[in-house]
Amino acid sequence: MIHSLKKITAPAVIFVSFLLPALTYAQDSFSFMETSKQDEHAPLNNKAFFKYEFNKRLKYKFTYEKAEGQGTDNEVSDIIEYYTNESDFSVLYFNNSRNGIIYNLNKDTNPVLPVSIKDQSKEIKPGNFDYFTGDIPLESEIADIRKRKKLKTDQILELVEKKTENDLIHYKYNLIRNNKAKTNLGIIELDVTNDDQNFNNNILYDMEPLFFKNKIMFDKGEIKSYSYYNTAKKRTKYYESMNNDSILLRLSFTKGCCVSSLE
């Protein structure tokens with residue numbers, strides 16, 4: 001993950017969640033997952049504050065430097081899974097840990113919703129997320145970016161190259177600091193499939209929030225690779241698409257804190 005999320009005190013509106021009947025409240029969440037779409041729908045908890053359904057999984061290999069240094073000795077890799085809803089473009093980020101994030105930048109409330117597997121007895125898998133923790137400061141920042149006509153960032157992405165190679169469209173951006181000297185901060189390269197499928201900007205936001213902050217949105221295609229090069233032209237972050245498949249993952253949350261409103 002590139003950005004950090006701050007933990008805040010729960011607003012008073014969440015207090016009602018602790019007044020649910022004991023038997024209902026004991027059901028932290030309901031989840032359901034199959035590796036392919038099913039005709040028979042699984043029920044969702046009708047007491048849930050948040051309900052999500054995801055029908056596609058995209059896997060990426062994320063390689064990055066754990067510390068600054070020379071060569072590849074400091075590089076480590078993780079497998080990142082993005083579970084997406086092909087209708088509203090919601091995305092669940094999962095990196096095989098007890099913490100994940102659900103994104104939907106089109107939503108006015110809770111566009112970024114950190115979730116976790118709070119029950120330590122549960123296996124680490126995406127179907128076991130059972131607790132949400134909102135991020136109101138980040139929600140306010142996203143809302144402010146959306147309504148502004150001018151950019152609200154001192155790190156500017158400047159498109160310097162766009163070319164089509166086989167079935168991919170290659171984008172190259174200079175990352176510069178928006179000051180008098182126009183300081184060079186690095187280079188970002190993006191390869192996107194050249195097809196008609198709808199582009200999911202929520203995945204791009206997780207990989208690199210600067211695209212959203214620069215009001216750069218894509219319409220078509222799927223991310224095949226993302227690369228960040230520092231000022232020494234050394235690649236320090238790299239996402240590489242592995243595969244994707246159809247799934248059915250349903251999550252509902254009855255426990256959590258720190259959101260601006262219940263939906």
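Keep in mind that what you see is a predicted model, and the values were worked out from it rather than measured. Residue numbers count from 1 along this sequence. Computed over heavy atoms, backbone and side chain alike; hydrogens, waters and symmetry mates excluded.
- Residues forming a side chain to side chain contact (heavy atoms under 4.5 Å, CB included) with Asp144 (at least two apart in sequence, or on another chain): Lys147, Arg148, Lys152.
- Contact between Leu251 and Gly127 at its shortest, heavy atoms only, is CD2-O, 3.8 Å.
- Asn128 and Glu123 get closest at one heavy-atom pair: ND2-O, 2.8 Å.
- Residues Asp108 and Arg146 meet the side-chain proximity criterion, which asks for heavy atoms closer than 4.5 Å.
- Side chains of Thr84 and Glu86: a donor-acceptor N/O pair is present below 3.5 angstrom, by distance only.
- A donor and an acceptor atom, one from each side chain of Lys220 and Asn198, are located under 3.5 Å apart.
- For the residue pair Ser90 / Asp88, a side-chain donor-acceptor distance below 3.5 Å is found, with atom types taken as modelled.
- If you look at Tyr52 and Tyr83, their ring centroids are not closer than 6.0 Å.
- Between Ser77 and Thr63 the shortest heavy-atom distance is OG-OG1, 2.9 Å.
- Minimum interatomic distance between Lys215 and Leu151 (heavy atoms only, all atoms of both residues): CG-CD2, 4.0 Å.
- With hydrogens and angles ignored, the 3.5 Å screen pairs a side-chain donor or acceptor of Asn202 with a backbone N or O of Phe89.
- Between Glu222 and Asn244, the closest side-chain pair of non-hydrogen atoms falls below 4.5 Å.
- Considering Lys125, Lys118, Lys122 in turn, Lys122 is the only one that fulfils the salt bridge (Lys or Arg N to Asp or Glu O under 4.0 Å) rule with Asp130.
- In this structure, the side chains of Phe54 and Tyr82 stay at 4.5 Å or more apart for every pair of heavy atoms.
- Legend: residues meeting side chain to side chain contact (heavy atoms under 4.5 Å, CB included) with Thr231, ordered by chain and number and at least two apart, are Asn184.
- Looking only at side-chain heavy atoms (C-beta outward), Phe132 and Val115 come within less than 4.5 Å of each other.
- With sequence neighbours excluded, the residues satisfying side chain to side chain contact (heavy atoms under 4.5 Å, CB included) with Glu141 are Leu138, Ile145, Lys213.
- Taking hydrophobic clusters as Ile, Leu, Val, Met, Phe, Trp and Tyr residues chained together by side-chain heavy-atom distances below 4.5 Å, Ile203 does not share a cluster with Tyr238.
- Residues Asn96 and Ile79 are not in side-chain contact: their nearest non-hydrogen atoms beyond the backbone lie 4.5 Å or more apart.
- Note on residues 187-204: no pairs pass salt bridge (Lys or Arg N to Asp or Glu O under 4.0 Å), not counting sequence neighbours.
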### Task
Check the pair Tyr103, Tyr93 against ring pair (Phe, Tyr, Trp, His ring centres under 6.0 Å), reporting the backbone distance first and the verdict last.
CA-CA 8 Å; Tyr103 297 98; Tyr93 164 91; 7.2 Å; no
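- For the residue pair Pro126 and Leu249, the shortest heavy atom distance occurs at CB-CD2, 4.1 Å.
- Among Lys234, Arg235, Lys237, the single residue meeting the side chain to side chain donor-acceptor pair (under 3.5 Å) criterion with Glu65 is Lys234.
- Summarising the geometry, atom CD1 belonging to Ile102 is positioned 8.0 Å from atom NZ belonging to Lys107; distances are rounded to the nearest 0.5 Å.
- Using a 4.5 Å cut-off on side-chain heavy atoms (C-beta onward), Asn174 and Ile187 make contact.
- The hydrophobic cluster containing Tyr171 also contains Ile216, counting ILVMFWY residues as joined when their side-chain heavy atoms lie under 4.5 angstrom apart, directly or transitively.
- In this structure, the side chains of Tyr228 and Leu175 come closer than 4.5 Å at one or more pairs of heavy atoms.
- With hydrophobic clusters built from ILVMFWY side chains whose heavy atoms lie under 4.5 angstrom apart, Leu210 does not share a cluster with Tyr229.
- With Arg98 contributing its side chain and Asp119 its backbone, the two residues share a donor-acceptor pair below 3.5 Å.
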### Query
Where do Tyr64 and Asp78 land on the side-chain hydrogen bond (donor to acceptor under 3.5 Å, both in side chains) test, with the steps shown first?
CA-CA 9 Å; Tyr64 59 98; Asp78 291 332; 3.2 Å; yes
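- Not a single donor-acceptor pair under 3.5 Å links the side chain of Asn201 to the backbone N or O of Phe212.
- Judged purely by atom type and a 3.5 angstrom limit, Tyr60 has no side-chain atom pairing as donor or acceptor with the backbone of Tyr226.
- Ring orientation note: the planes of Tyr239 and Phe62 are close to parallel, at an angle under 30° on the 30°/60° scale.
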Side-chain polar contacts of residues 155-164 - donor-acceptor pairs under 3.5 angstrom, sequence neighbours left out - could you list them?
unit_1, atom_1, unit_2, atom_2, d
Lys163, NZ, Glu165, OE2, 3.1

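- The closest donor-acceptor contact from the side chain of Asn230 to the backbone of Ala232 lies under 3.5 Å.
- For the pair Ile80 and Met207, the minimum side-chain heavy-atom distance is 4.5 Å or more.
- The number of heavy atoms from other shown groups lying within 6.0 Å of CG (Asp167) does not exceed 12.
- Annotation: side chain to side chain contact (heavy atoms under 4.5 Å, CB included) contacts of Asn179 (sequence neighbours excluded): Arg177, Ala181, Thr183.
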